[in-house]
Novice: 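Please see the structure below; I have some questions.
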There are 2 protein chains.
Amino acid sequence: MVEPKSSRQRSKTQDQHIYEEIFDAILEQRLWPGTRLKEESLGEIFGVSRTIIRRTLSRLAHERVAVFEPNRGAFVAEPDISDARQILDARRLMELAIVERVAERASSIKGEFKKLYDLIEQEHKSSAAADKGTAIRLSGEFHLELARLSGNKPLEGFLHSLVPQTSLIIALYQAKEGSRCAIDEHSRLLDALKLGDAEEAKCLMGEHLDHIEERLALDESPGNRNLAKVFGRRAEKAGA
Amino acid sequence: MVEPKSSRQRSKTQDQHIYEEIFDAILEQRLWPGTRLKEESLGEIFGVSRTIIRRTLSRLAHERVAVFEPNRGAFVAEPDISDARQILDARRLMELAIVERVAERASSIKGEFKKLYDLIEQEHKSSAAADKGTAIRLSGEFHLELARLSGNKPLEGFLHSLVPQTSLIIALYQAKEGSRCAIDEHSRLLDALKLGDAEEAKCLMGEHLDHIEERLALDESPGNRNLAKVFGRRAEKAGA
DNA sequence: GACTGACAAATTGTATACAATCTACCTATC
DNA sequence: GATAGGTAGATTGTATACAATTTGTCAGTC
């Protein structure tokens, strides 16, 4: 039997729901960097007042996934190249620390690996169905679930902010399309983790992150930037 | 000549001001873990409506320095022993990464070390004046300034959340009084950093954190806990 | 035609009103 | 006296009204 939730308990989960909708849209790259997040529009979409939307946006802003421009409202963040380097540097630090901790705890959390295998399987399916958005999101969720299994809530929280920011960086700076290898990398990483092999797991995670970064064009010289992306984004904005 | 700020620009800095007042009060241990943060009272103190206070509290809640209890309001966080271990673990990871990055950049940010020396000097003065609260806060600010000099904004942000949380942990679990050595540790760390000696700096930071943790009573068995603290806190609450 | 200024519309920022909920106290009952 | 129930007051949660600001448009001027 389901507990009859009071209207205010319901609203708390609704808050979370709105947040996750926007979060997922960013992970799936349906929401492009720079997109304006108009409070009233979002309020109408989700059937709540601006108060609630504003709280959600403030959470996203705190996680640096959105930014508030004074008197102009909230926008999906557009990390510049310097931001991108810092974010990826921080993410590497976190991810290595996380796999280290998961490997250490491997024997005591054996039952909890199931969700990771499920995520990999779903990733395979989405990839086979050429559902790129879902595949990207699931890849992010794999990393977030790993963070949860680290048993360290602050680290989990930090990664929760870094994963969508990485998604924005990929949207802005990815030069080459991603090969299908990412899923296999997740698989091999998980195998090493189950064995509690911290060194191997850290090595695999490091390579995994290398592969993500290799596909980015993060040099300062504007000449090397992908012009199609630059103008493509303008076109996207105008069309929306 | 000072720009005449509009009322809304002023309000933005006011926001920051309220946040810092509460943040500092926690660093200086004037605000004890578990203290209720009543919205209307804070609004009267700072001369703003609950809307503004609520935004500040929500920021503190994101940083895990405050917690919202549904329909009961916000309280200063009370990390339990498990939380404390995770926070200190995360903090060590961050601090070591930060000194590594500061040491790497040492030659290119030479002019920026001045503030750190100033902070150490102020720490000495507060310590000499037996102004314990200020001394603790300045110690925290030293670590935050270090984080700023790392040149990595995400890492700086994470540490900004971990420093006040550490303050709460010390308030709750410190068994032995801190010796005066901490300031000298900051001095020696800074010397190593200026020379760009990353290994030495990391070693010193590791020891510095060891010393903080050594003074805590973080074992699970309740019998070993400081009973005076447990009941002292109740008395404090009732008296407030 | 390009530029400036002013007005109108749209949007955000803040305060406040109202509803939902919790807390404390009091009373009735055993 | 202890306990359950119920009412009043205090407090939070949400929506909304209003003020401040920005943005877009359109005359008017050069």
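Chain A is the first sequence line, chain B the second, and so forth, proteins listed ahead of strands; every chain is numbered from 1.
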Novice: Give a yes or no on whether Glu40(A) atom CD has more than 12 heavy-atom contacts from other residues, nucleotides or ligands under 6.0 Å away.
Specialist: no

Novice: Which residues in residues 59-67 of chain B have at least one heavy atom lying under 4.0 Å from any atom of DNA chain D?
Specialist: none

Novice: Would you indicate, yes or no, if dT11(C) has its OP1 or OP2 atom less than 4.0 angstrom from a side-chain nitrogen or oxygen of Arg72(A)?
Specialist: no

Novice: Ser49(A) side chain: which of dT11(D), dT22(D), dT14(D) is closest?
Specialist: dT14(D)

Novice: Give me the one residue out of Glu156(A), Glu112(A), Glu141(A) that meets salt bridge (Lys or Arg N to Asp or Glu O under 4.0 Å) with Arg148(A).
Specialist: Glu112(A)

Novice: Please tell me which of the listed nucleotides, dA15(D), dA15(C), dC22(C), lies nearest to the side chain of Asn71(B)?
Specialist: dC22(C)

Novice: Take the protein atom CD of Glu39(B) and the nucleotide atom P of dT12(D), then report the distance between them rounded to whole Å.
Specialist: 5 Å

Novice: Figure out the CD/P separation between Glu44(A) and dA15(D), and round it to whole Å.
Specialist: 14 Å

Novice: Is it the case that over 12 heavy atoms from other parts of the model lie below 6.0 angstrom from the CZ atom of Arg101(B)?
Specialist: yes

Novice: Need to verify one output field. Residue with the more 5' nearest nucleotide on DNA chain D, Pro70(A) or Arg55(A)?
Specialist: Arg55(A)

Novice: I'd like to know whether CZ of Arg59(B) has more than 12 heavy-atom contacts from other residues, nucleotides or ligands below 6.0 angstrom.
Specialist: yes

Novice: With a cut-off of less than 4.0 Å, is there a side-chain N or O of Arg36(A) near OP1 or OP2 of dT11(C)?
Specialist: no

Novice: Hey, is the side chain of Thr51(A) poking within less than 4.0 Å of OP1 or OP2 on dT14(D), counting only N and O atoms?
Specialist: no

Novice: Taking only side-chain N and O atoms of Lys38(B), does any of them lie within less than 4.0 angstrom of OP1 or OP2 on dT12(D)?
Specialist: no

Novice: Whole Å only: how far is the CD atom of Glu69(B) from the P atom of dA20(C)?
Specialist: 23 Å

Novice: Show the numbers, then the answer: is there a side-chain contact (heavy atoms from CB on, under 4.5 Å) between Arg50(A) and Lys38(A)?
Specialist: CA-CA 10 Å; Arg50(A) 283 175 52 216; Lys38(A) 216 180 299 184; over 6 Å; no

